[in-house]
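One structure is given here, and the rest of the page talks about it.
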Amino acid sequence: MVAFLDIGYKYGLFPYFGAIIKAMLNIKKQINLKPYTTLKIGSKAAYFCVVSQEEELFEAIAFAKDKKIPIMILGGGSNVLMTKPFPGLVIKNELKGVSVVKETEASAWVEARSGEWWSALVYFAVERGWGGAENLYYVPGTVGAAPIQNIGAYGVELKDVFYSLRAIDLKTGREKIFKINDCAFGYRDSVFKNRFKGKYFVAGVTIKLSKQPRLHLDYGNIRDELERLGIKKPSIIELADIIRKIRDSKLPNPAVLPNAGSFFKNPEISAAAFKKIQKSFPDMKSFPGSKPNSIKIPAAWLIEQAGFKGKRFGPVGMYEKQALILVNYGGATAKQAVAQVKRVQDGVYKKFGLKIEPEVNII
Ligand SMILES: Cc1cc2nc3c(=O)[nH]c(=O)nc-3n(C[C@H](O)[C@H](O)[C@H](O)COP(=O)(O)OP(=O)(O)OC[C@H]3O[C@@H](n4cnc5c(N)ncnc54)[C@H](O)[C@@H]3O)c2cc1C
């Protein structure tokens, strides 16, 4: 298919090929993206299609090239805030499937197509007793979006289990394999949010799992929950289930209260700068940063201290049980959400002199 695309581009045959395969892909015009986001805020896309086979993806790329319009990929829409109409083609990814690529006595490599639910991939692993990804169970969204921000939860990040990914260049249709060193994974960050932003469609991700895993239990209230249930040595599947229950009890369900999870990243500053701020705010919470000599400050604590926890401004506000989560209490517009983002950022800056950056992709 890639060779076919290369020839198509070289000889300018795309409009013609596009016409031949058009029957497969249904491209709609002027579609409101609101229902496709967990915040239930959205504007219109000039063109919109759903791809459930890779051939359809190539046709969508050809369509956008022909019309000279940009492409935006949408997975589960759980990490986006759409603020303006999108003038191009939105591709909703529904490429499904999980398979074992390789197995040895100690490890298993599992590949999922990128439109698969991330938690379906994790469940595939935990039900076989293969460990490494269980702390990331129940992070919403698709497999293809997981590397974009290097998803993380309960002391584990995607990078800890990542083996490789297969990406398609959205301009040339060419395939490229990314290994871990190509991805520049950081805290809620990767090369796909920076240098290669909007350049690739992640088509599949392979994770490497351990058959003798070391469980990560020292995070959040995992130990408390184990004690409460009287479990001394949890199995991988038991741990995944505990993580699901803890998440369910703490986070608002987007189907009931539209939200996009943690809206802001935890700011990271040097240990010296932290010492200075701590003089004015001795109760300030902190934990080790991702770089040597750096400290992370929980944005939730900053937002709460700045007075935003549970406070509503019209139909938007920061969730009453977790100040990091921006909630749409019903009918919020993009303008109201953007104003709330700015209000919270300004409030935190005014009180602490610290800048908090959105984790959610504001588009
Ligand atoms: C209740 C709740 C809890 C959450 N908890 C966590 C958490 O614990 N940890 C965490 O890290 N995140 C968390 N999130 C955020 C979210 O789940 C992740 O960021 C997830 O990876 C987003 O997946 P998605 O498919 O919904 O991506 P989308 O929102 O559809 O897309 C996100 C970004 O990735 C791009 N993208 C998506 N798919 C592809 C692809 N195939 N190729 C190229 N680019 C692509 C999009 O263009 C967009 O820029 C939470 C969200 C919610 C609503």
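Remember, it's 1-based here, ligands and their atoms both numbered in the order they're listed. These numbers come from a predicted model, not from an experiment. Note that these values count all heavy atoms, side chains included, but never hydrogens, waters or copies made by symmetry.
Protein heavy atom in closest approach to atom 13 (C) of ligand 1: Val139 CG1, 3.8 Å. Given atom 27 (O) of ligand 1, the protein heavy atom at minimum distance is Ala145 CB, 3.3 Å. In terms of protein heavy-atom proximity, atom 53 (C) of ligand 1 is closest to Gly261 N, 3.3 Å. Annotation: atom 30 (O) of ligand 1 to nearest protein heavy atom, Gly75 N, 2.7 Å. Taking atom 1 (C) of ligand 1 as the reference point, the nearest protein heavy-atom neighbour is Asn259 OD1, 3.6 Å. With hydrogens left out, the protein atom closest to atom 43 (C) of ligand 1 is Tyr200 O, 3.4 Å, a heavy atom. At the top of the distance list for atom 31 (O) of ligand 1, counting protein heavy atoms only, stands Val80 CG1, 4.1 Å. With hydrogens left out, the protein atom closest to atom 29 (O) of ligand 1 is Asn79 N, 2.8 Å, a heavy atom.
Ring geometry for Tyr200 against Phe196 counts as perpendicular: the plane angle is over 60°, on a 0 to 90° scale with 30° as the lower cut.
The closest approach between a heavy atom of Lys193 and any atom of ligand 1 is not below 4.0 Å. By the 4.0 Å heavy-atom criterion, Arg247 is counted among the residues contacting ligand 1.
The two atoms that bring Ile91 and Ala60 nearest to each other are CD1-CB, 3.7 Å, heavy atoms only. For the residue pair Leu217 and Pro234, the shortest heavy atom distance occurs at CD2-CG, 4.1 Å. The minimum heavy-atom distance between Leu354 and Ile269, with the atom names listed, is CD2-CG2, 3.9 Å. A pairwise comparison of heavy atoms in Arg247 and Ala153 identifies NH1-CB, 3.7 Å as the closest pair. Considering every non-hydrogen atom in both Asn328 and Leu39, the closest pair reads ND2-O, 2.9 Å.
The heavy atom nearest to atom 17 (O) of ligand 1, out of those in Gly141, Pro140, Pro258, is found in Pro140. Taking only non-hydrogen atoms, the option from Gly152, Ala203, Pro254, Ser78 nearest to atom 16 (C) of ligand 1 is Ser78. Of the candidates Thr38, Ile73, Asn150, Ile73 brings a heavy atom nearest to atom 38 (N) of ligand 1.
Cation-pi geometry between Lys285 and Phe287 is not satisfied (NZ or CZ under 6.0 Å from the ring centre, within 45° of the ring normal). A cation-pi arrangement, defined by a distance under 6.0 Å to the six-membered ring centre and an angle within 45 degrees of its axis, is present between Arg312 and Tyr329. Seen from the ring of Tyr319, Lys309 does not count as a face-on cation partner, given the 6.0 Å and 45° thresholds.
A salt bridge is defined here as a Lys NZ or Arg NE, NH1 or NH2 lying under 4.0 Å from an Asp or Glu carboxylate O, and Glu116 with Arg113 fails to meet this definition. Under the 4.0 Å criterion applied to side-chain N and carboxylate O atoms, Lys311 and Glu320 are not assigned as salt-bridge partners.
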(request) Could you walk me through whether Tyr47 and Phe86 pass the ring pair (Phe, Tyr, Trp, His ring centres under 6.0 Å) test, one step at a time? (result) CA-CA 8 Å; Tyr47 296 95; Phe86 185 70; over 10 Å; no

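The shortest N/O to N/O separation between Ala153 and ligand 1 does not fall below 3.5 Å. For ligand 1, the polar-atom distance check finds an N/O of Gly77 within less than 3.5 Å of one of the ligand's N/O atoms. The shortest N/O to N/O separation between Gly76 and ligand 1 falls below 3.5 Å. In terms of polar-atom proximity, Val202 is counted as a contact of ligand 1, with an N or O under 3.5 Å from an N or O of the ligand.
Between Phe124 and Trp117, the distance from one ring center to the other does not fall under 6.0 angstrom.
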Show me the side-chain donor-acceptor pairs of residues 135-142 shorter than 3.5 Å, one per line, residues at least two apart or across chains.
| from | atom 1 | to | atom 2 | distance (Å) |
| --- | --- | --- | --- | --- |
| Asn135 | ND2 | Tyr154 | O | 2.8 |
| Asn135 | ND2 | His216 | O | 3.1 |

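Counting heavy atoms under 4.0 Å from ligand 1, residue Ile148 touches it through the side chain alone. With a 4.0 Å heavy-atom cut-off, ligand 1 is reached by the side chain of Asn361 but not by its N, CA, C or O. Contact annotation for Trp118 and ligand 1: no heavy atom of the residue comes within less than 4.0 Å of the ligand. Under 4.0 Å from ligand 1, not a single heavy atom of Ser262 appears. For Asn93, every heavy-atom contact with ligand 1 shorter than 4.0 Å involves the side chain, none the backbone.
The distance from ligand 1 to the heavy atoms of Leu74 drops below 4.0 Å at these ligand atoms: 30 (O). Below 4.0 Å from some heavy atom of Ala260 lie the following atoms of ligand 1, by number and element: 51 (C), 52 (C), 53 (C). Close approach to Arg188 involves these atoms of ligand 1, each under 4.0 Å from a residue heavy atom: 11 (O). Shown in contact with Phe201 at under 4.0 Å from a heavy atom are these atoms of ligand 1, numbered in order with element: 42 (N). Residue Gln149 has at least one heavy-atom neighbour below 4.0 Å for each of these atoms of ligand 1: 10 (C), 11 (O), 12 (N), 15 (C), 18 (C), 19 (O).
For Ala271, the side chain to side chain contact (heavy atoms under 4.5 Å, CB included) partners are Asn293, Ile295, not counting sequence neighbours.
Between Arg174 and Ile168, every side-chain heavy-atom pair lies at or beyond the 4.5 Å cut-off.
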